[in-house]
Amino acid sequence: MFDSLVIGYLFLGGAGGGALVVLAALEGVRSLAGRRLGLPDEFFARAWPVSTVVLAAGIVCIFADLGRPDRLFALVLSPQPTPLTVGAYALVVSLACAGAFSVLALADGLHASRAARVALAVVAMVAGLATAAYTGVLLQGLASVLFWQTPLLPAAFVLSSLSCGLALALGVAAFVEARRPFMRPLAWLARADGALIVLEAACLAAYLVWGFADGGTRPAAAALATGDLAPAFWGGVAAAGLAAPFVMERLLTHGNHRSQLLWIAAFVLVGGLALRFCLVQAGLYDVTQMSGAHFGLTVG
């Protein structure tokens, strides 16, 4: 139904949007609270370029999938706003905000006022949330697949995107050398990710229950729970993306936190990619994509 480029965009756009929300929130708090945030400047100097690169990679996936760059420009410049147009705008604004913060973090002698930083952070958070949500709205808007016709889909993608954004931040922190320890803010970020993981698990459980409740969506839900997609769903999403990082975040220690942070980030990101793969591929098992089953459902 969708090739790897679309799945790559859903993952990279979501992770980049989630990282933008997380980093913009930290920038806003840092601008208002000063050094009390506890994160060194080097963290932001590393994290913002990573967010920019991830968002840019998402745009590259869109370019490659469309085949012609002018199609994306035509989409952005379309006079009639559509969900697709809004998503394209959100991605472009997100990339611009991440790039602006990257320049501020890397350029020596370049400073912005507190008000300007807070304003840019607010715009970045809105654009990042819109980008993360759109990766789910894109699928929900395809009426031909019943299994995608639920708000639980974009909700799961938003929660996963924010978790991936926190994972990118934690992974970057593993490479930051600072004279003063900054374990406390890292522990806060780990707790926040733990809360997102719990919410994401509950959302996915509700999604499966919703899928099994109707004959039209039951084949897709069964493919995830017990069928061909079960190994990727339970192994990649549930075990690697949810259970493993949740446990490791509870066991985060000062002495070995660098390797722990890298493992947490790796597991969360693998789970985020597996989630997009599973939910996209589940569309192939939807009753609307199975002519025989669809005929039987219609006649019955």
field: Ser31 backbone acceptor or donor facing Arg114 side chain under 3.5 Å
entry: yes
- prompt: Got a salt bridge between Arg258 and Glu177, using NZ or NE/NH1/NH2 to carboxylate O under 4.0 Å?
  reply: yes
message: Checking the side chain of Ser161 only, and the main-chain atoms of Gly18 only, is there a donor and an acceptor separated by less than 3.5 Å?
response: no
field: Cluster check Val29, Leu26: I/L/V/M/F/W/Y, side chain < 4.5 angstrom
entry: yes
message: Restricting to ring-ring contact (aromatic ring centres under 6.0 Å, His included), what partner residues turn up for Phe267, sequence neighbours left out?
response: Trp263
- request: Could you grab the distance from atom CD1 of Ile197 to atom CG of Leu162, nearest 0.5 Å is fine?
  value: 12.0 Å
message: Under a 3.5 Å distance rule, please check whether Trp148 uses its side chain to pair with a backbone N or O of Leu279 as donor and acceptor.
response: yes
message: Run the ring-ring contact (aromatic ring centres under 6.0 Å, His included) test against Phe43 and tell me which residues pass, sequence neighbours left out.
response: none
- prompt: Hey, quick one: are Leu5 and Leu55 part of the same hydrophobic cluster, counting side-chain heavy atoms closer than 4.5 Å, chains of contacts allowed?
  reply: no
task: Keeping the roles fixed (side chain from Ser163, backbone from Leu159), state whether a donor-acceptor pair exists under 3.5 Å.
output: no
message: Run the side-chain contact (heavy atoms from CB on, under 4.5 Å) test on Cys164 and Phe11 for me, step by step, so that the C-alpha distance in whole Å, both residues' side-chain angles and the decisive distance to 0.1 Å come before the verdict.
response: CA-CA 9 Å; Cys164 288; Phe11 170 66; 4.3 Å; yes
query: So do the side chains of Val237 and Phe277 get within less than 4.5 Å of each other, counting heavy atoms only?
result: no
- request: I would like to know whether Leu168 and Ser51 meet side-chain contact (heavy atoms from CB on, under 4.5 Å); could you show each step before the answer?
  value: CA-CA 8 Å; Leu168 286 174; Ser51 174; over 6 Å; no
- request: List in chain and number order the residues that pass salt bridge (charged side-chain N to carboxylate O under 4.0 Å, His left out) with Glu27, two or more places apart in sequence or in another chain; answer none if no residue qualifies.
  value: Arg30, Arg117
- request: State, with a plain yes or no, whether a side-chain heavy atom of Phe101 is found less than 4.5 Å away from one of Leu23.
  value: no
query: So, the side chain of Ser160 versus the backbone of Gly272: is there a donor-acceptor pair under 3.5 Å, distance only?
result: no
message: I'd like to check Arg276 versus Phe157 (side-chain heavy atoms, cut-off strictly below 4.5 Å). Are they in contact?
response: yes
- prompt: Of all heavy-atom pairs between Arg46 and Val50, which one has the smallest distance, and what is that distance?
  reply: O-CG2, 3.2 Å
message: Does the plane of the ring in Tyr207 sit parallel, tilted or perpendicular to the ring in Phe147? Use 30° and 60° as the thresholds.
response: parallel
message: Can a donor-acceptor pair be found, under 3.5 Å and without considering hydrogens, that links the side chain of Thr131 to the backbone of Ala90?
response: yes
